[in-house]
Structure formats: structure tokens, C-alpha cells
Amino acid sequence: TISGVKGESFEIKNLDTALLKQDVEPSDELIESLEKIGGEFCRDWGKEIDSESQLSREWSADDFKEFSLNVMRFSSDSEIGLVHRDFFANLEHFPIQDTLTLIDIYTALPYQWRIVSAEIPGEVIQRIALNEQSKLVFSGVTVEGGVVKVNGRPINTERDYTVATTYFLADEGHSIF
């Protein structure tokens, strides 16, 4: 059974699989339909995020990750952005050039994970940042010569930091925090 566009369903019976192995010329009607669908897809999903701005350079997958984490942290007034590396997916289409589109975002961020803000002790952030086996990705945290820095300043392990993260990490998170 195959679901149709408007909720209809179609059941295929007695399918001759030999037909699937033959080259078949598509009908003019099929070509027209596919071109229409393709055009609508490009019109909706190929839109530039901001028609006034162009990327100043080619963006790698790491550039996109940093951008996404910065959007999370700046939108939530957090000092740090932190997600599991699996938060990002389908990064094969990077690098991208010229403009960032909705399809770039929805392809690389296919999950609808809720973003939350949490207060996390500096000592926990330091432990995670220094763990080379960690599967977590940061924005706002760097490690330079074994020294953990938050936004360019050495971490204060005696204070809490506001962290933008996913609800999953904040709530369940595999005992990360």
C-alpha cells in the first residue's frame, strides 16, 4: 500500500517485477507533473534565508555547525551552545557556496529537537571539553594547550554557565551533566 499526496492510499496487486527491470520512457504527463513538483520544491525549499546576504566564502560542514550552535546560544542568551554530534545529519552536500537555503538547514538539521537553556557547572563543562572521546560539539568553548576557554576567557570552574542545548541532553543526556 502506498500513501498518496492527499491522504489517499493505493494498493498494488499482482505487480510484474519484470517491468521494474526494463527501461521505460516516462509519459509527457509524468514529466510535466515531475517538473511542476520540482519547481514547487525549489521555489519553497530553495529560498535563500536572506535575499540581501550572500555567504562571504564557501561554508564547510564545520562552519554550518558553528553557525547553528551560535544561533542557538545567541537566541537564548546563552554563553555556550552544546549538542551531540548526531544533532547534525546529511552533511555530504557541504561545502555550500553563495547562499544558505531552507533545504540546507532542513537537510542538515532534520530532527525537531527542542532547544533549552540550562545552567551547567564550569567543572562539568571543563570535563566534557577535555574529553577527547566526547561526542559533543561546542560553540563558545575552545581548548588551547589543555586550557579550556569560554568565549576567549579561561573557564571558571567555580561558577555555572548558561548553555543552549537540546532537551534530550538536558533531561536524559546519557548522564552527561
For N131, is the CG atom crowded, meaning more than 12 foreign heavy atoms sit under 6.0 Å from it? yes
Any chance you could measure H84, atom NE2, to T165, atom OG1, to the nearest 0.5 Å? 10.5 Å
What's the shortest heavy-atom distance between Y111 and A89, and which atoms? OH-CB, 4.0 Å
Is there a side chain to side chain contact (heavy atoms under 4.5 Å, CB included) between F64 and L100? Walk through the geometry before answering. CA-CA 10 Å; F64 180 79; L100 183 64; 4.1 Å; yes
Check step by step if side chain to side chain contact (heavy atoms under 4.5 Å, CB included) holds for V141 and I125. CA-CA 9 Å; V141 174; I125 293 167; 4.2 Å; yes
Would you check if there is a donor-acceptor pair between the side chains of S78 and S117 at a distance under 3.5 Å? yes
F87 meets the ring pair (Phe, Tyr, Trp, His ring centres under 6.0 Å) criterion, sequence neighbours left out, with W113
Dump the intermediate steps for side chain to side chain contact (heavy atoms under 4.5 Å, CB included) on L136 and V83, then the final yes or no. CA-CA 6 Å; L136 301 178; V83 295; over 6 Å; no
Okay, side chain of D63, backbone of S60: is any donor-acceptor separation there less than 3.5 Å? yes
In Å and rounded to the nearest 0.5 Å, what is the CD1 to OG distance from I115 to S76? 8.5 Å
Is there any salt bridge (Lys or Arg N to Asp or Glu O under 4.0 Å) pair reaching into residues 67-94, and which pairs are they, with sequence neighbours excluded? E79-R159
Value for OG (S139) from CG (N70), rounded to nearest 0.5 Å, stands at 3.5 Å
Report yes or no: do F88 and F67 belong to one cluster of Ile/Leu/Val/Met/Phe/Trp/Tyr joined by side chain heavy-atom distances under 4.5 Å? yes
Only pairs at least two apart or in different chains count here, so list each salt bridge (Lys or Arg N to Asp or Glu O under 4.0 Å) that has a residue in residues 140-157. E144-K149
In one Ile/Leu/Val/Met/Phe/Trp/Tyr side-chain cluster, 4.5 Å: L69, L55: yes
Verify side chain to side chain donor-acceptor pair (under 3.5 Å) between T107 and N90, making sure each step is shown before the conclusion. CA-CA 6 Å; T107 300; N90 309 309; 6.0 Å; no
Inter-residue atom distance T142.OG1 - N151.CG, 0.5 Å rounding: 8.5 Å
Can you name the nearest heavy-atom pair linking D160 to E119, along with the distance? CB-OE1, 3.8 Å
Taking the side chain as C-beta and beyond, is there a heavy-atom pair between H93 and I103 under 4.5 Å? no
Could you give me the CA-CA distance, side-chain angles and deciding distance for K65 and L91, then say whether side chain to side chain contact (heavy atoms under 4.5 Å, CB included) is met? CA-CA 10 Å; K65 290 176 186 179; L91 298 174; 3.5 Å; yes
Any idea which heavy atoms bring V143 and L130 closest together, and the distance? CG1-CD2, 3.9 Å
Could you check whether any side-chain N or O of Y161 sits under 3.5 Å from a backbone N or O of N156, counting only pairs where one atom can act as donor and the other as acceptor? yes
